[in-house]
Amino acid sequence: MIAMFLLLASGLCIATVHDGDTIRLCTGEKVRLQSIDAPEVKDSPRCEPAQRRRLAGSKNPAWCDFAKGAASRDALQSFLLTGRVSIERFGKDRYGRTLANIYVNDRDAGEYLIRRGLARRWGE
């Protein structure tokens, strides 16, 4: 997990970027970027053989390209450093994470990753 602390003009403080679609705020709130799926990072439990088999036929199978997962995480981290960060919350997922869109200078972080081939729309 890449640790960083950002205190930006918006007051949104990001403690860590876990991977290309999950961050943790300084308040402890875990945020999942809504509507995208990024590749898993190394040591993800989703990429263990039993989990991969279980998820193979689901709407969200494990995407176990670790190099691309690291690139996605790093790209999100860099993108978050480029300007004012804001969040649009939509509720919680079944794991208790906040589902949200994250914007930097009004640019959608999920779309930023999709355009670079570092994420895909969730369920595709």
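- With rounding to the nearest 0.5 angstrom, the CD1 atom of Ile102 is 11.5 Å from the CG atom of Asp21.
- Remark: Arg120 engages Asp37 in a salt bridge, criterion side-chain N to carboxylate O under 4.0 Å.
- Minimum heavy-atom separation, Leu25 to Arg89: CD1-NH2, 3.7 Å.
- Contact record, Ser72 with Ala38: OG-CB, 3.6 Å, taken as the closest heavy-atom pair.
- Phe90 approaches Asn101 most closely through the heavy-atom pair CE1-ND2, 3.5 Å.
- Contact of the Lys59 side chain with the Trp122 side chain is registered, since non-hydrogen atoms from C-beta on lie closer than 4.5 Å.
- Residues Arg53 and Glu48 are not paired through a salt bridge, judged by the lack of any N-O separation under 4.0 Å between the basic side chain and the carboxylate.
- In this structure, Ile14 CD1 and Thr27 OG1 are separated by 11.0 Å, a value rounded to the nearest 0.5 Å.
- Neither Phe66 nor Trp63 shares a network with the other; the hydrophobic side chains, linked directly or stepwise wherever heavy atoms of I, L, V, M, F, W or Y lie under 4.5 Å apart, form separate groups for each.
- Closest heavy-atom contact between Tyr112 and Ala75: CE2-O, 3.9 Å.
- Side chain of Asp93 to backbone of Tyr95: a donor-acceptor contact under 3.5 angstrom is found.
- A distance of 8.5 Å separates CG of Leu99 from OG of Ser35, quoted to the nearest 0.5 Å.
- Proximity of Val104 to Leu80: side-chain heavy atoms (C-beta onward) are separated by under 4.5 Å at one or more points.
- The two residues His18 and Arg73 come nearest to each other via the heavy atoms O-CD, 3.7 Å.
- Linking ILVMFWY residues whenever their side-chain heavy atoms come closer than 4.5 Å, directly or via other members, places Ile36 and Ile23 in the same cluster.
- The two residues Val17 and Leu76 come nearest to each other via the heavy atoms CG1-CD2, 3.9 Å.
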### Query
Between Arg24 and Arg97, does a side-chain contact (heavy atoms from CB on, under 4.5 Å) hold up when you go through it step by step?
CA-CA 9 Å; Arg24 185 177 299 272; Arg97 299 175 297 188; over 6 Å; no

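- In terms of hydrophobic clustering, with Ile, Leu, Val, Met, Phe, Trp and Tyr side chains grouped at heavy-atom distances under 4.5 Å, Phe79 and Leu118 are assigned to a common cluster.
- Under the 3.5 Å distance criterion, the side-chain polar atoms of Asp108 are left unmatched by any main-chain donor or acceptor of Tyr103.
- Under 3.5 Å, the side chains of Lys92 and Thr98 contain a donor-acceptor pair of N or O atoms.
- Side-chain atoms of Arg46 and Arg54, non-hydrogen and from C-beta on, never get closer than 4.5 Å to each other.
- With respect to Arg52 and Glu40, no salt bridge is recorded, no charged nitrogen being found less than 4.0 Å from a carboxylate O.
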